[in-house]
Amino acid sequence: MTSDSYHQSPRWLDAHLHLLDRQVLDVHGVPIAVIDDLELSDIPAGREIPPDAPPPMITALPSGPTLATRIFGGRPPESRMLRTPWVAVREVGVVIKLSVGRDTRDLSWTERWVRDHVIGRIPGGRHTPKGEESDHDQSDDRGGGES
Amino acid sequence: MIITELLGARVFGPEFLGFVTDARFSLDTESVGLPARLYGFIVSPHARSSSLGFERSGVRSPWPIAALVRWRHRGSFLVKWAGIERIDVSRIQLRPGFGRGSPELP
């Protein structure tokens with residue numbers, strides 16, 4: 001571990017320290033999720049790993065309803081976990097920044113569904129309230145073109 | 001496989017060695033989004049919990065917490081991917097002659 005390559009490598013990430021439980025921001029800086037897990041490429045589980053086997057890579061950052069399972073144990077069903085591909089990650093720091101918008105991710109589909117089918121049908125629910133326009137300087141389709 | 005299946009797993013060499021407290025990944029360059037490869041696991045002989053960065057980054061304050069965490073994770077080491085022989089549910093077997101590296105971040 002004291003080899004030069006180890007100390008000269010430009011970047012190291014520890015799962016607990018740098019990734020898990022970090023907030024995920026989309027390309028506009030809008031929070032969309034928290035990282036609950038890391039999905040790795042194939043690991044030959046349950047059998048011997050060849051000495052020359054390539055190391056697994058991070059393929060996705062799953063997020064989902066993990067509060068109950070953290071308290072009571074177990075794991076949420078795979079179908080409830082939503083995955084952000086690792087290739088969409090632009091920056092890792094205090095938060096994880098993506099190179100894509102939140103509407104391109106499945107992570108916010110419930111929010112979009114409620115917006116379109118519930119909030120949007122309430123009178124006045126299809127435009128930004130007056131006086132708050134300056135708070136939404138980024139492009140946002142919540143206004144729906146009506147005012 | 002997901003990483004939470006590996007964190008907390010018991011690690012064995014010739015005998016029981018400890019628990020996986022973290023997984024370290026390496027990036028080829030500073031550019032995130034490029035492949036992040038598993039470099040190895042940090043193994044702690046006494047605790048399953050994370051060392052919160054104290055053990056690995058030279059942070060010494062607040063000193064009571066730093067001292068407590070370092071004591072709980074005394075004897076921690078980094079084992080590279082090449083030193084892993086087999087991964088089962090909640091159990092990792094290391095190869096004979098595996099190397100113990102420093103868990104400290106460079």
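Keep in mind that the numbers below use all heavy atoms, side chains included, and drop hydrogens, waters and symmetry copies. A note on names: the letters A, B, ... follow the listed sequences, proteins ahead of strands, and every chain is numbered from 1.
- Residue contact with chain B, scored on non-hydrogen atoms closer than 4.5 Å, involves the backbone and the side chain of A:Leu38 alike.
- A:Ile49 and B:Met1 fall within a single hydrophobic cluster, where Ile, Leu, Val, Met, Phe, Trp and Tyr side chains are chained together by heavy-atom contacts under 4.5 Å.
- If you tally non-hydrogen atom pairs under 4.5 Å between each of A:Ile43, A:Asp37, A:Asp36 and chain B, the highest count goes to A:Asp37.
- Using a 4.5 Å cut-off between heavy atoms, A:Asp42 does not touch chain B at all.
- Without hydrogens or angle criteria, A:Arg83 side chain to A:Ala60 main chain gives no donor-acceptor distance under 3.5 Å.
- Applying the ring-ring contact (aromatic ring centres under 6.0 Å, His included) definition to pairs two or more places apart or across chains, those involving residues 7-28 of chain B are B:Phe12-B:Phe16, B:Phe16-B:Phe19.
- When heavy atoms are compared at a cutoff of 4.5 Å, B:Arg91 does not approach chain A at all.
- By number of non-hydrogen pairs under 4.5 angstrom with chain A, the leading residue of B:Leu6, B:Leu38, B:Leu7 is B:Leu38.
- Highest contact tally toward chain B, considering only A:Pro54, A:Ser41, A:Ser99, is held by A:Pro54 [criterion: heavy-atom pairs under 4.5 Å].
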Taking only distance into account, with no hydrogens and no angle test, what donor-acceptor pairs under 3.5 Å do side-chain atoms of residues 17-25 of chain A form with protein atoms, sequence neighbours excluded?
| from | atom 1 | to | atom 2 | distance (Å) |
| --- | --- | --- | --- | --- |
| A:His18 | ND1 | A:Asp14 | N | 2.8 |
| A:Asp21 | OD1 | A:Arg70 | NH1 | 3.2 |
| A:Asp21 | OD1 | A:Arg70 | NH2 | 2.7 |
| A:Arg22 | NH1 | A:Gly93 | O | 2.5 |
| A:Arg22 | NH1 | A:Val94 | O | 3.4 |
| A:Arg22 | NH2 | A:Leu17 | O | 2.6 |

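- Under a 4.0 Å N-O distance rule, the pair B:Arg86/B:Asp88 qualifies as a salt bridge.
- Here A:Pro51 is the residue among A:Pro44, A:Pro50, A:Pro51, A:Ala53 with the most heavy-atom pairs under 4.5 Å with chain B.
- There is no contact between B:Gln93 and chain A, counting heavy-atom distances below 4.5 Å.
- Stacking of B:Arg100 on the aromatic ring of B:Phe77 is recorded, both the 6.0 Å distance cut-off and the 45° axial limit being met.
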